[in-house]
Amino acid sequence: LSPEHITEIYDSFHIEDDRTGLSSETLQRAIADNLYYIQGKFPEIATLYDYYMAVAYTVRDRLLHRWINTVKTYREQDVKVVCYLSAEYLPGPHLENNLVNLGIYDQVQQAVESSGLDLRSILAQEEEPGLGNGGLGRLAACYMDSLATLEIPAIGYGIRYEYGIFDQEIREGWQVEITDKWLRLGNPWEIPRPENAVEVKFGGYTEPYTDDQGDYRVRWIPHQVVNGIPYDTPISGYRVNTTSTMRLWKAEAPESFDFQAFNVGDYYGAVDAKIISENLTKVLYPNDEPIQGKQLRLEQQYFFVSCSLQNLLKIHLLRGDPIETFHEKFVIQLNDTHPAIGVAELMRLLVDEYLLHWQKAWDITQQAFAYTNHTLLPEALETWPLNLFGSLLPRHLEIIYEINQRFLDQVRLKYLGNPDKLARLSLIEEGGSKRIRMAHLACVGSHAINGVAALHTELLKEGVLKDFYDLWPHKFTNITNGVTPRRWMVLINPRLTQLITREIGETWITQLEDFKRLESLAEDPAFRQEWRRVKRAVKQDLADYIQAHQGLTLNPDSIFDIQAKRIHEYKRQHLNVLHIITLYNRIKHNPRLAVPPRTFIFGGKAAPGYQMAKLIIKLITSVGEVVNHDPDICDLIKVVFLPDFNVTNSQRIYPAADLSEQISTAGKEASGTGNMKFSMNGALTIGTLDGANIEIREAVEADNFFLFGHTSEDIVDLKAQGYVPKTFYNTNPALKEAIDLIASGYFSHGNRALFQPLVDQLLQADPYCLLADYQSYIDCQDQVGQAFQDQDTWTKTAILNVARIGRFSSDRAIREYCREIWWVNPVSIHLEEYQQAKA
Ligand code: C3B
């Protein structure tokens, strides 16, 4: 046989391993195998959930192959790794994303259908991990996706909350919170690694001692020790072998510790201790921006940060590297101040446990950390009462004092005779009760500080972090947020993906700037018509979903005007409501008024303790109740509140929007990322000059963006002049009529008290300046209504929005982090054959 002949024979063989093979036949066999041997089920008794699990395990096997090769490569090549520390992650359902990334959607669909099942209903079984509140947690998930896709070595560290963000139900128009038992039926995506458990100490006291070298040292004798157990989830990249790790920590009681040191013979006490320990990672705090200064929250933060840093140091030493080069091999990104305690913890580990000198440890720490700020809201800036902090983390308090003293010495040299400066920069807030300023700790301990949109970074430099900017201007950079086009386009909008790919190929999936090739197509009437057909079909999907789940019939030709995000006064869902009521009043006054039909769709959760936000939900649903059933309105206006806005539900929403509501008070929304998802899917934006809206408008060009409202500077001036919302109310009849209608009890069965707190807040304080922006918003909405009548021009504008949104990919954002903050490079992963890997 000739060598060519032999190759030919090999090529004709088709031997696939059941754990790695990608053909539909192999996948079908593997699914059946997993159903039988992992689930212990057979078709007569298997539920749809069992099939979901079997498919998930089958896909996980394929991932594991890539994951092991990734970990192996990073170990061998001694690469620099990005460590993302985040108290929140909102990855969304894993299965479909992994099918897309591995490029096996069609094969799995075929495998499943050959077994007489339907892939969509199997996908619908997955419970998404709701391990975050909103934008911050979702951003972390987009960044993990881009890191893997760009082949950047990365680990995402976080907390494995047993209960994630609550499920929202709407009862009688009010939000009701239901516990999120996402782990109840098991989680096929995680692998527990109890052998890598670490110990985390709490409370107790410290004592000085002299070490063998005669050096002064400190020992921390804790009151309690908790074990951290890592649970690893593979994060796939798009069409690359790189598979990163999301490592989430669960708290457990170290039994030996309870029995031997504390509760000798006290069996019940030991079990009690176990419960107390495990409470640590029980539940996610469901507050978005205003933090709740609860001790348990600080315990959660310290717990996951300590676990993660101990783990990193261990990995570093296992690779055979000296402790002194830690910062050359790892860069640690602080996702807001939630993990900022890491600065003090790394110092403790280096100085107390690895016995480095202070200055050496400090150099390593500063070079290792970088800090992203995600909010300017004063109520969201984390500070911890000194007493609480000191009783929980006595050693860290000492370390923070030491850091502060050395830092302020430096400041004193620079600003001789300026005690105000010192007080403002200090890590400790003086006054009534002293507090630790976590943002200051993050700034001092990091080599880079970034905001998440251009305006936000500028406001940081002029406002909350001004003194730090004056001190270290070189540390500051802006990195505008981005979102992953894999989930937010390919996965959620297959129709539009197909249309776009047919025209411009598929390079855009990993180079979103290539969307610019759509520009010329905006001029093509036939293409516009196809675009409209797609949009119409996607809107019909959402209408069908709402019909099935809420029994409401929607008109898919109406404007789908959507606001979906956490409920917050600064995000101004109630400004949107004022517009709805204004339209309603107009139609009531003039039943023959020619207005384009609109469907207002809202989605979003309110923090359980945030009364005003809950009242805003009640207002939306109450207005909907009246408007949707008023025969005078002739279905021209419909108002829908979609319950339980989470990643899964958001995926039905973004593709179906004609109009994206981004109407926060200028200067309050750090960036926003929903704005990017809507635009990417061909919605036009109505928005203020806030956060990333400004950059989106620049990118798509002013003519293709509905702008309204005061600028952030206007807002500051307005307030400085003594803002009196009543003036707007008294001089604007339509505004007055809308507010009076709410106050009259018209939407609350005559109950005037119900919305009184909301009305009072608007008329007496209006901290988010709704009344000042009202007329501008209404005028702009009138333009939207006009523009929508010309469907062809509207479509052209939508296409241009998509064509110019390329910059808002998280790939671009991650490339900027790599270049400007992390100094890391891609490492490609080659797959060893499974057999070889086994050997
Ligand atoms: C959010 C901000 O409110 C958004 O403007 C921003 O787009 C995202 O972060 C991501 O940067 N944010 C949040 O969700 N939770 C916080 N605690 C602070 C900010």
Side-chain angles (χ1 to χ4, degrees), residues 84-90 130-144 146 158 165 284-293 297 300-301 333-340 371-383 438-439 442 449-457 459-460 464 478-484 488 563-573 604-607 610 613 645-647 650 660 662-679 687-696 712 768 808 810 813-814 816-817:
Y84 205 76
L85 287 195
S86 179
E88 303 190 6
Y89 287 93
L90 283 172
L131 310 183
N133 276 286
L136 172 125
R138 180 54 229 178
L139 187 78
C142 281
Y143 283 179
M144 289 304 293
S146 283
I165 186 71
L284 166 80
Y285 277 94
N287 304 72
D288 203 20
E289 308 207 7
I291 52 113
Q292 229 183 342
R297 167 81 176 178
Q300 288 184 338
Q301 294 181 348
Q333 193 67 35
L334 300 172
N335 200 23
D336 217 289
T337 53
H338 317 147
Y371 160 52
T372 306
N373 174 287
H374 291 267
T375 180
L376 297 162
L377 295 191
E379 65 270 32
L381 292 179
E382 281 189 295
T383 61
M438 300 310 276
I449 301 164
N450 77 285
V452 291
L455 173 71
H456 170 63
T457 303
L459 294 176
L460 269 183
V464 261
N478 172 247
I479 307 221
T480 299
N481 285 166
V483 302
T484 170
W488 298 115
Q563 187 169 17
K565 49 180 84 240
R566 285 298 286 248
I567 312 291
H568 252 290
E569 285 163 281
Y570 87 77
K571 294 177 192 277
R572 301 200 294 193
Q573 280 89 356
K605 292 174 185 175
Y610 186 177
F645 183 67
N646 55 17
V647 175
S650 80
S660 152
Q662 306 302 335
I663 61 176
S664 50
T665 316
K668 298 293 176 193
E669 189 71 270
S671 163
T673 45
N675 45 7
M676 301 166 189
K677 297 165 197 167
F678 277 113
S679 261
T688 48
L689 286 176
D690 200 15
N693 294 353
I694 298 175
E695 291 158 77
I696 293 175
S712 59
Y768 299 105
F808 300 93
S810 44
I814 287 299
E816 290 180 6
Y817 277 99

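Counting convention: from 1, in listed order, for ligands and their atoms alike.
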Numbered atoms of ligand 1 (with element) below 4.0 Å of [X], judged on heavy atoms:
X    : value
Y570 : 3 (O)
A670 : 5 (O)
G672 : 4 (C), 5 (O), 6 (C), 7 (O)
D288 : 14 (O), 15 (N), 17 (N)

Is it true that [Y] and [X] share a donor-acceptor pair across their side chains at a distance under 3.5 Å?
X    : Y    : result
N478 : H456 : no
T372 : N450 : yes
E382 : Q301 : yes
K565 : Q573 : no
N481 : T673 : no

Ligand 1 N/O within reach of [X] N/O, cut-off under 3.5 Å:
X    : value
K571 : no
D336 : no
E669 : yes
G134 : no

- Once the angle between the rings of Y570 and Y768 is folded into 0 to 90°, is it parallel (under 30°), tilted (30 to 60°) or perpendicular (over 60°)?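 The arrangement is tilted - the two ring planes meet at 30° to 60°.
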